[in-house]
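The structure under discussion appears below in the form of structure tokens.
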Amino acid sequence: YGDPSQKIDYVFKVVLIGDSAVGKSQILARYARNEFSLDSKATIGVEFQTRTLVIEHKSVKAQIWDTAGQERYRAVTSAYYRGAVGAMLVYDITKRQTFDHIPRWLEELRGHADKNIVIILIGNKSDLENQREVPTEDAKEFAQKEGLFFLETSALEATNVETAFLTVLTEIF
Ligand code: GTP
Ligand code: MG
């Protein structure tokens, strides 16, 4: 996961947003450290992790920011979005409400971030298919209407996590 001695050509800031407990921190843990925890604590304030990758022979450092979904634990919004070139808008496929809140998150994002920011909609916890409350088609349709990329992921099973980040980072590049 990235050679620290490597010279960095680009640093891309990507922000994770979405309701509490949708799995933002575990998506990040999976991507940055290939780790996953079932008893993950709610995030307080802001955390970030990095992973360096190579895109078209250039080394790109992805600096991924993670904040609390819970309003009372959130940090200053404008600072969080400042300089972000990518965003992952996450909901939980087993909790309809987390998908119904996506338009609000999108509104906040569009209100604070650069207008050229690359956005991907992510339906996480695809491993819990038997508890699904959000049909894939609903999300696909919403993403299409809003001009967002879309993928379903599982941080637990490591499904599509890599692809989700690559989609955003390659598009930024
Ligand atoms: P806040 O920090 O409060 O905003 O929450 P969060 O979005 O960061 O959620 P977090 O990553 O802490 O995950 C919440 C819970 O969902 C934890 O119990 C995780 O283990 C679990 N979880 C996260 N991703 C998955 C997944 O892909 N599948 C399953 N089954 N559980 C997951
Ligand atoms: Mg968190």
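All values derive from a computational prediction rather than experimental measurement. Just follow the structure's listing: the first ligand is 1, and inside any ligand the first atom is 1.
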Check Ala29 against ligand 1 and report side chain, backbone, both or neither, counting heavy atoms closer than 4.0 Å. neither

Numbered atoms of ligand 1 (with element) below 4.0 Å of Gly69, judged on heavy atoms: 1 (P), 4 (O)

Give the minimum heavy-atom separation between Ala32 and Thr50, together with the two atoms involved. CB-O, 4.2 Å

Is the side chain of Thr67 donor-acceptor paired with the backbone N or O of Gly45 at a distance under 3.5 Å, no angle test? yes

Below 2.8 Å, can you find an N, O or S atom of Thr43 next to the Mg ion (ligand 2)? yes

Do we see a donor-acceptor contact under 3.5 Å between the side chains of Asp127 and Ser154? yes

Identity of the nearest option to atom 17 (C) of ligand 1, non-hydrogen atoms only, from Val161, Ile17, Leu38: Leu38

Quick check for you: to the nearest 0.5 Å, what is the distance between Asp92 atom CG and Lys125 atom NZ? 4.0 Å

Within 4.0 Å of some non-hydrogen atom of Ala42, the atoms of ligand 1 are 2 (O), 3 (O)

Looking at non-hydrogen atoms alone, which of Ser40, Ala158, Ser154, Ala155 comes nearest to atom 10 (P) of ligand 1? Ser40

Gly23 N/O to ligand 1 N/O under 3.5 Å: yes

Would you mind telling me which of Gln97, Arg104, Arg96 makes a side-chain hydrogen bond (donor to acceptor under 3.5 Å, both in side chains) with Asp100? Arg96

Please report which non-hydrogen protein atom sits nearest to atom 24 (N) of ligand 1, along with the residue it belongs to and the distance in Å to one decimal place. Asn124 ND2, 3.1 Å

Whether Phe173 and Phe12 hold their rings parallel, tilted or perpendicular, with breakpoints at 30° and 60°: perpendicular

Looking at Arg132 and Glu129, does any basic side-chain N land under 4.0 Å from a carboxylate oxygen? yes

Considering only non-hydrogen protein atoms, determine which one is nearest to atom 5 (O) of ligand 1 and report residue, atom name and distance to 0.1 Å. Ala21 N, 2.8 Å

Which ligand 1 atoms does Thr43 reach within 4.0 Å, using its non-hydrogen atoms? 1 (P), 2 (O), 3 (O)

Between ligand 1 and Leu156, is the shortest N or O to N or O distance under 3.5 Å? yes

Honestly, is Arg51 close enough over Tyr31, meaning NZ or CZ under 6.0 Å from the six-membered ring centre and within 45° of the axis? yes

With a cut-off of 4.0 Å, which atoms of ligand 1 are near a heavy atom of Asp19? 7 (O)

Ser40 versus Ser25, side-chain donor and acceptor atoms under 3.5 Å: no

With no hydrogens and no angle check, just 3.5 Å: does a side-chain donor-acceptor pair link Ser37 and Gln26? no

For Asp39 and ligand 1, does the shortest N/O to N/O distance drop below 3.5 Å? no

Closest non-hydrogen protein atom to atom 3 (O) of ligand 1, residue and atom name please, with distance? Ser20 OG, 2.6 Å

Identify the closest protein heavy atom to atom 20 (O) of ligand 1: which residue and atom is it, and at what distance? Ser37 O, 2.7 Å

At less than 2.8 Å, would any N/O/S atom of Ser25, backbone or side chain, sit next to the Mg ion (ligand 2)? yes

Please work out which of Asp127, Thr153, Thr159 has its closest non-hydrogen atom nearest to atom 30 (N) of ligand 1. Asp127

For the residue pair Phe142 and Phe99, does the interplanar ring angle fall in the parallel (under 30°), tilted (30 to 60°) or perpendicular (over 60°) class? perpendicular

Distance, nearest 0.5 Å, that separates CG of Asn124 from CG of Leu151: 11.5 Å

Can you tell me if Tyr73 has a non-hydrogen atom under 4.0 Å from ligand 1? no

Tell me which protein heavy atom sits closest to atom 11 (O) of ligand 1, plus the residue, atom name and distance to 0.1 Å. Gln26 N, 3.0 Å

Heavy-atom nearest neighbour in the protein, as seen from atom 22 (N) of ligand 1, with distance rounded to 0.1 Å: Lys125 CE, 3.7 Å

Side chain, backbone, both or neither: which part of Ala68 comes within less than 4.0 Å of ligand 1 when only heavy atoms are counted? backbone

Heavy-atom pairs closer than 4.0 Å: do any link ligand 1 to the side chain of Leu128, the backbone, both, or neither? side chain

Looking only at side-chain N and O atoms, does Gln63 offer a donor or acceptor that is under 3.5 Å from a partner on Trp65? yes

